[in-house]
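Contents: one structure, followed by commentary.
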Protein chains: 4
Amino acid sequence: MARKPLTKPRKYASQGRSRATVDALIEATARILVRDGFDKASTNRIAEKAGVSVGSLYQYFPGKEALVAAVMKRHGEELMQVVRDALAEAAALPMEQAVRALVVAAMEAHRIDPRLHRVLAEQIPRMGRLENTEVLNGEIHALFRAWLDAHCDEFRPLDLGLAAFVCVTSIEALTHTAVVHHSESLSEEAFGALVDEATRLVVRYLQ
Amino acid sequence: MARKPLTKPRKYASQGRSRATVDALIEATARILVRDGFDKASTNRIAEKAGVSVGSLYQYFPGKEALVAAVMKRHGEELMQVVRDALAEAAALPMEQAVRALVVAAMEAHRIDPRLHRVLAEQIPRMGRLENTEVLNGEIHALFRAWLDAHCDEFRPLDLGLAAFVCVTSIEALTHTAVVHHSESLSEEAFGALVDEATRLVVRYLQ
Amino acid sequence: MARKPLTKPRKYASQGRSRATVDALIEATARILVRDGFDKASTNRIAEKAGVSVGSLYQYFPGKEALVAAVMKRHGEELMQVVRDALAEAAALPMEQAVRALVVAAMEAHRIDPRLHRVLAEQIPRMGRLENTEVLNGEIHALFRAWLDAHCDEFRPLDLGLAAFVCVTSIEALTHTAVVHHSESLSEEAFGALVDEATRLVVRYLQ
Amino acid sequence: MARKPLTKPRKYASQGRSRATVDALIEATARILVRDGFDKASTNRIAEKAGVSVGSLYQYFPGKEALVAAVMKRHGEELMQVVRDALAEAAALPMEQAVRALVVAAMEAHRIDPRLHRVLAEQIPRMGRLENTEVLNGEIHALFRAWLDAHCDEFRPLDLGLAAFVCVTSIEALTHTAVVHHSESLSEEAFGALVDEATRLVVRYLQ
DNA sequence: GATGAATGAGGGTTCATTCAT
DNA sequence: GATGAATGAACCCTCATTCAT
């Protein structure tokens, strides 16, 4: 029996007061993560910022990691919604436009909250197997792979798994790096140019 | 007045014993980082593993961060050597082979010490602007850009900076993800296939 | 003004539901005390195990100590019943058989619930003068003394108080140590032999 | 690998400064144990009373229990010295005087520091197998048994182990209860009378 | 230079108790 | 009466860093 692999909330509070407390805690965690980084996000500080006592924090979360996991989950769901929508639209578009739509979606997903995204991305590896993150990642690969499969007659012969890995990883890296590390130095046009290039990268790779 | 922007060794020890102490400390840090992760790497532990007293540690490094920075620097230099060599060779090769050589070099660079690479990669962001890392990153971009420039007549018209960003970021992401996150599940053949794909990705993008 | 000398139930609940709640709480406390020890017996845990809310717990008991005191009282009453019965019987027996009956009774009293007895015995001192315990102890001494008094013509001249102290303390210690600390390593025969020895100890002392 | 069964000092400090710190900590622990009881003896409080930082406490002891164990060890050694000396003397005395000497020794042992003895006695059971205590207890039984063995021709036929248990347990209980629980209400004469009675109890039992 | 004992702020966590609903 | 969310003082413990020797 592992001593503390707990990254799940203790209660799935759904009634008013509880729910508000939980939300305040998650929100506070996200804010502190953004403002001060993971290391400064102590349970006491989070509780204080949430306007709640430490005791309440521990009533709902078994520790700091669970809070960060909750933030990740929340953020991940927002991300996935963007990505899912984009892939749904992409189904009906001609290939190049479809790819472009995906790239744009990836960019938008990163732009939902770039600072938070960054901190979370950096902490994921340190948090001992976040199933949630892996699930999302897996879902993206699966969705993209399905899209490839549906359009495979438009491409050269592909190893779908490998191609999905190459495309998803590249798009992710390009949009992530641009948004997370160069947001301040890039103009809107530069982002536009990057979308063009990323699209070309993927399209030509698949052809 | 910044409280702790100190990430540089206190002395550029070059005489025998000092140098040995410094090396032992860096080595111990690297080993603990790999074995136990950043959080478990306390200065006392590092000093002990290095066979040195904490006091001595602080004689050569202003703090824990400086030690990690030193490890990063050392690792970064090894990385850069591989990359530099590859780019030097690439200069004389026909384009596709050149790109392949670069991809292989990136893979090799990540494989020098994947566990260490991973820990360092994860810690970089937490360590307030490591000039060193950014310099190396900058050098890679510059080198690649120079290579692009030298071969620009073989490509379509390119924005060199943007193209370098796209290529370097993609190659980095693909090799990093493969080596750091999937080393255990990928066969040699799979790595070979990935090299092929990454090469194709870049070559077709540039044409 | 003493801060927490409260070891008495808040209500002498006698109506059905209340009484059931109180009983459930005492029972839960006893069980947790036995299973997990005093330190793990938190009020929340007790309430939960009793199938009651913490709030209700505090409606009937002013605090944790009061619960333990209630358990002690309940256990003490069971003990005393055994002892009283034995002394009542002993009145009619010839001296040696009477002593033996008392020793056996002491043994049985300790065996009612040895694990609980042990935990309680260990906790008594930490609970600031439990009148109850002292009362019981006093009663035992008084009863025994009365018995001595009634049979004093069969003994050498005695300081009754002192003799009662010596006998009661010795019998208590022998049976307590045997049952509480050596139950697992002693056979039934060994217990029988111990009864013989304790009886001899007391009889010869009194003669 | 048990997580915290550590009741041993971390370092057997013997040089000046360290030794002084360790002593101060043990002394402070003993004093707090006496003044406030086990539950109030927090590591921070002990450190403070010892005029030392918590950090230092943890440099030498892995936790509160180790400190208490150290106090027990120190106290136990004092006790044993008294008991050993008495038994050594007793070897040369006629039986009744020998028993009396032992009873007196037991009394003196309890009187070394009755308040401390009491707290320790109460805490022993809660501290998960204190080898030290059991060893001492075992030594006392062994010594007494050896004495019985050496004088067995003066007694009725005995099961030596059982007889040692009966005698040691009784003497211990009588002296312990008298000293620890009734010190304030008993005069010197009363103690003298008790010694007489305890001696008689044991002597007549053995004859 | 080297040593390592000492420091103490600060982090994680629990639990007896209260009180609005 | 009953509930259980909320509280927060108090605990245990770690570790970067200093400084007398």
Side-chain angles (χ1 to χ4, degrees), chain A residues 4 11 13 15-22 39-48 50-65, chain B residues 4 11 13 15 17-18 21 39-48 52-67, chain C residues 4 11 13 15 17-18 21 39-48 51-67, chain D residues 4 11 13 15-22 39-48 51-65:
Chain A
K4 275 220 326 178
K11 307 184 185 178
Q15 300 98 336
R17 221 179 350 159
S18 305
R19 184 71 217 164
T21 301
V22 167
D39 294 344
K40 300 288 180 54
S42 73
T43 48
N44 281 294
R45 205 197 285 241
I46 290 170
E48 190 183 8
V52 152
S53 72
V54 224
S56 291
L57 185 158
Y58 280 95
Q59 199 141 53
Y60 295 107
F61 297 92
K64 183 180 169 176
E65 302 216 325
Chain B
K4 278 219 322 178
K11 314 180 185 181
Q15 299 97 336
R17 197 142 55 114
S18 303
T21 300
D39 294 343
K40 301 284 182 56
S42 72
T43 48
N44 280 295
R45 202 122 92 89
I46 290 169
E48 190 184 8
V52 161
S53 70
V54 222
S56 293
L57 184 157
Y58 279 91
Q59 209 127 54
Y60 292 107
F61 295 91
K64 187 183 173 177
E65 301 215 325
L67 276 160
Chain C
K4 278 216 324 175
K11 313 182 183 180
Q15 298 97 336
R17 195 141 56 115
S18 303
T21 301
D39 295 343
K40 301 283 182 56
S42 72
T43 46
N44 280 295
R45 202 121 92 88
I46 291 170
E48 191 184 8
V52 160
S53 70
V54 222
S56 293
L57 185 158
Y58 279 92
Q59 209 128 52
Y60 292 107
F61 296 90
K64 187 181 173 178
E65 302 215 324
L67 277 160
Chain D
K4 276 220 327 179
K11 306 183 184 179
Q15 300 98 336
R17 222 180 346 160
S18 304
R19 184 72 219 163
T21 300
V22 167
D39 294 343
K40 300 287 182 54
S42 73
T43 49
N44 281 298
R45 205 197 285 241
I46 291 170
E48 190 182 9
V52 153
S53 71
V54 222
S56 292
L57 185 158
Y58 281 96
Q59 197 139 55
Y60 295 107
F61 297 91
K64 182 181 170 176
E65 301 216 325

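Each chain gets a letter, A, B and so on, in the order the sequences are listed, and its residues count up from 1. Worth knowing before you read on, the calculation uses all heavy atoms, side chains too, and leaves out hydrogens, waters and symmetry mates.
Closest to the side chain of V52(D), from the set dA16(F), dG12(E), dT7(E), is dT7(E). Listed nucleotides: dC13(F), dA6(E), dG1(F). Nearest to the side chain of T21(D): dA6(E). The side chain of Y58(A) sits closest to dT14(E) out of dA6(E), dT14(E), dA16(E). Comparing dC13(F), dT13(E), dA5(E) by their closest approach to the side chain of V54(A) singles out dT13(E). Considering only the side chain of N44(A), dT13(E) comes nearest among dT13(E), dT17(E), dA6(F).
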>> side-chain contact (heavy atoms from CB on, under 4.5 Å) for T43(C) and Y58(C)? Distances and angles first, verdict last.
In response: CA-CA 9 Å; T43(C) 46; Y58(C) 279 92; 3.5 Å; yes

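Between the C1' atom of dC13(F) and the OH atom of Y60(D) lies a distance of 17 Å, rounded to the nearest Å. The CG-C1' distance, from L57(A) to dG12(E), rounds to 10 Å in whole Å. Rounded to whole angstrom, the span from the CD atom of E48(C) across to the C1' atom of dA16(E) amounts to 16 Å. When the C1' atom of dA10(F) is taken as reference, atom NZ of K64(D) falls 12 Å away, rounded to whole Å. Separating the CG atom of D39(B) from the P atom of dC13(F) is a distance of 20 Å, rounded to the nearest angstrom. The separation between E65(A) atom CD and dG11(E) atom C1' is 14 Å, rounded to whole Å. Look at CD1 on I46(D): it is 14 Å from C1' on dA10(F), rounded to the nearest Å. To the nearest angstrom, C1' of dA5(E) lies 15 Å from CZ of F61(D).
Counting only Watson-Crick and G-U wobble pairs whose two key distances fall under 3.5 Å, DNA chain E forms stems of three or more stacked pairs at E:2-21 with F:2-21.
Proximity of V52(A) to I46(A): side-chain heavy atoms (C-beta onward) are nowhere separated by under 4.5 Å. Contact check for L57(C) versus L67(C): side-chain heavy atoms found under the 4.5 Å cut-off.
Residue S56(B) is classed as a base contact, given a heavy-atom separation below 4.0 Å to a base. Residue contacts shown for S42(A) are limited to sugar-phosphate atoms, with no base heavy atom under 4.0 Å away.
Put simply, Q59(C) has no side-chain N or O that comes within less than 4.0 Å of OP1 or OP2 on dG1(F).
Residue-to-nucleotide proximity on DNA chain F shows that, of K40(B) and S53(C), the 5′-proximal contact is made by S53(C). Along DNA chain E, the nucleotide nearest to T43(C) and the one nearest to A41(A) differ in position, and the one closer to the 5' end is contacted by A41(A). Along DNA chain F, the nucleotide closest to G51(C) and the one closest to G55(A) are compared, and the more 5′ of them pairs with G51(C).
Checking side-chain atoms of S42(A) against main-chain N and O of R45(A) turns up a donor-acceptor pair under 3.5 Å.
Remark: Y60(A) OH to T21(A) OG1 distance equals 5.0 Å, nearest 0.5 Å. Of the inter-residue distances, the one linking Q59(D) atom CD with S18(D) atom OG reads 8.0 Å to the nearest 0.5 angstrom.
The C1' atoms of dG1(E) and dT21(F) are separated by 13 Å, rounded to the nearest whole Å.
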